[in-house]
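Take a look at the structure set out below.
Numbers for residues simply follow the sequence, beginning at 1.
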Amino acid sequence: MCFSATADFTGSVVLGAVGVATLREVKDRREVLLAAMPCLFAVHEFIEGFVWMGLDGTLSAQVAHNAGSAYVLYAQGLLPFLLPLSVFLIEPTKRQRRRMLAFVILGGMLALYLTWGLIAYPIAISMQAHSILYDNVITTTTLVAVLYVIATCGSLFFSGFRALVALGWANLIGLLVVMLVKRYAFTSVWCAYAAVVSVIIYFFFRRSGEHRLASYAMAAYSA
């Protein structure tokens with residue numbers, strides 16, 4: 001994904017199928033947001049397909065700008081809040097949720113700040129080396145990048161579910177590699193990577209159904 005319109009559209013179909021399968025494994029309403037992540041990434045990659053088509057002349061430049069704005073709004077304005085919130089919601093005990101609350105607050109504040117930056121300052125969208133660059137003076141600073149890593153990966157490391165801790169490591173490694181190798185196209189490349197890694201979410205839901213139900217029941221009994 002992130003290398004052409006065809007790759008993005010194809011990837012979105014595959015991720016959509018994974019997302020539907022993941023949602024079918026939901027055992028409790030608190031799991032819906034996390035289970036929906038593959039579907040959200042599928043929509044995200046589908047949107048970027050139109051960015052490619054606008055940049056290569058198949059569609060208008062206005063389409064590229066509008067689709068690019070929507071793509072960046074999710075990647076930078078929503079994801080740093082939605083991901084820690086989804087992990088916060090799925091944890092069964094108050095103790096574990098308290099450990100994650102700081103990441104939810106950080107993600108929420110960062111999301112508000114980045115959304116303001118995306119509205120207040122223009123986004124420059126261009127192609128370079130088979131990737132798309134989304135440039136905004138507020139959202140592409142080093143401090144923002146560091147806080148983004150903390151918000152999107154931090155809560156996963158404190159999860160009581162081992163598969164989510166593994167997802168945190170996979171996301172962190174991907175973030176660091178992208179920042180070192182292809183930082184100029186960070187938003188596009190890492191979101192494609194995160195979409196692939198989100199398949200881990202499917203296997204988490206597929207394999208841990210009984211364990212999750214037991215955890216919820218135990219937490220309710222202890223409350």
Side-chain angles (χ1 to χ4, degrees), residues 12 14-47 73-115 147-175 190-191 193-223:
S12 71
V14 174
L15 282 171
V18 172
V20 170
T22 304
L23 287 169
R24 293 179 65 181
E25 299 295 332
V26 167
K27 304 296 184 183
D28 189 277
R29 63 184 181 180
R30 75 185 75 187
E31 300 176 344
V32 172
L33 182 56
L34 182 60
M37 282 294 166
C39 282
L40 293 175
F41 275 117
V43 174
H44 199 220
E45 294 303 316
F46 187 78
I47 290 172
L73 177 62
Y74 174 75
Q76 298 179 351
L78 295 178
L79 189 58
F81 176 62
L82 291 181
L83 187 54
L85 177 62
S86 69
V87 180
F88 172 85
L89 291 174
I90 200 174
E91 292 298 329
T93 68
K94 292 181 179 180
R95 177 175 174 272
Q96 289 169 316
R97 289 195 295 272
R98 280 198 298 268
R99 294 169 67 185
M100 297 176 185
L101 186 58
F103 298 104
V104 177
I105 294 172
L106 171 62
M109 294 176 64
L110 185 60
L112 289 173
Y113 175 70
L114 294 179
T115 299
L147 293 176
Y148 190 97
V149 172
I150 295 172
T152 54
C153 297
S155 62
L156 291 164
F157 290 115
F158 289 92
S159 174
F161 298 106
R162 291 183 180 179
L164 297 185
V165 177
L167 178 63
W169 280 111
N171 274 330
L172 178 60
I173 292 170
L175 280 164
W190 181 73
C191 283
Y193 169 83
V196 174
V197 171
S198 69
V199 173
I200 294 175
I201 296 174
Y202 164 72
F203 286 106
F204 162 68
F205 279 99
R206 183 73 179 86
R207 296 172 178 174
S208 66
E210 292 184 4
H211 174 56
R212 297 195 318 273
L213 287 175
S215 297
Y216 301 149
M218 185 177 298
Y221 178 78
S222 302

Working to the nearest 0.5 Å, report the span between [atom1] of [X] and [atom2] of [Y].
| X | Y | atom1 | atom2 | value |
| --- | --- | --- | --- | --- |
| Ile105 | Phe81 | CD1 | CZ | 10.0 Å |
| Tyr216 | Lys27 | OH | NZ | 11.0 Å |
| Leu147 | Thr152 | CG | OG1 | 10.5 Å |
| Leu172 | Leu167 | CG | CG | 11.0 Å |

request  = Only counting residues at least two apart or in another chain, list the ones meeting ring-ring contact (aromatic ring centres under 6.0 Å, His included) with Phe205.
outcome  =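 Counting only residues at least two positions away or on another chain, Phe205 forms no ring-ring contact (aromatic ring centres under 6.0 Å, His included).
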message = Applying ring-ring contact (aromatic ring centres under 6.0 Å, His included), can you list everything that pairs with Tyr202, at least two apart in sequence or on another chain?
response =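 None.
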request  = Begin from the C-alpha positions of Leu156 and Asn171 and carry the test side-chain contact (heavy atoms from CB on, under 4.5 Å) through to its verdict.
outcome  = CA-CA 9 Å; Leu156 291 164; Asn171 274 330; 3.8 Å; yes
For residues [X] and [Y], report the shortest heavy-atom separation together with the two atoms involved.
| X | Y | value |
| --- | --- | --- |
| Ile90 | Arg212 | CD1-CD, 4.5 Å |
| Gly77 | Ala111 | O-CB, 3.0 Å |
| Gly107 | Ala151 | CA-CB, 4.0 Å |
| Ala75 | Tyr148 | O-OH, 2.7 Å |
| Ile200 | Ala163 | CG2-O, 4.1 Å |
| Pro80 | Leu110 | CB-CD2, 4.1 Å |

key: Residues in salt bridge (Lys or Arg N to Asp or Glu O under 4.0 Å) contact with Arg24, at least two apart in sequence or another chain   =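 Residues passing salt bridge (Lys or Arg N to Asp or Glu O under 4.0 Å) with Arg24: none at all.
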inquiry  = Please evaluate residues Met37 and Leu82 with respect to the criterion side-chain contact (heavy atoms from CB on, under 4.5 Å), reporting the C-alpha separation (whole Å), side-chain torsions for both, the decisive distance (0.1 Å), and the verdict.
reply    = CA-CA 9 Å; Met37 282 294 166; Leu82 291 181; 3.8 Å; yes
key: Chi angles and distances behind the side-chain contact (heavy atoms from CB on, under 4.5 Å) call for Val104, Ser155   = CA-CA 8 Å; Val104 177; Ser155 62; over 6 Å; no
query = Would Ile201 and Leu34 satisfy side-chain contact (heavy atoms from CB on, under 4.5 Å), going step by step from the backbone distance to the final call?
reply = CA-CA 8 Å; Ile201 296 174; Leu34 182 60; 4.1 Å; yes
query = With sequence neighbours left out, what residues match Thr115 under side chain to side chain donor-acceptor pair (under 3.5 Å)?
reply =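 Applying side chain to side chain donor-acceptor pair (under 3.5 Å) to Thr115 gives none.
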Are side-chain heavy atoms of [X] and [Y] found at a separation under 4.5 Å?
| X | Y | value |
| --- | --- | --- |
| Ser215 | His211 | yes |
| Phe41 | Leu79 | yes |
| Val43 | Tyr74 | no |

task = Name all pairs fulfilling the ring pair (Phe, Tyr, Trp, His ring centres under 6.0 Å) condition that reach into residues 86-110, sequence neighbours left out, sorted by first residue then second.
result =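 Listed by first then second residue: Phe103-Phe158.
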ask   = Arg97 side chain to Glu91 main-chain N or O, any donor-acceptor pair under 3.5 Å?
value =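 Judged by distance alone, yes, a pair lies under 3.5 Å.
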query = Thr93 side chain to Gln96 main-chain N or O, any donor-acceptor pair under 3.5 Å?
reply =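 At least one qualifying donor-acceptor pair exists.
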task = Would you mind listing every side chain to side chain donor-acceptor pair (under 3.5 Å) that reaches into residues 77-90, with sequence neighbours excluded?
result =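 For residues 77-90, and leaving out neighbouring residues, there are no side chain to side chain donor-acceptor pair (under 3.5 Å) pairs at all.
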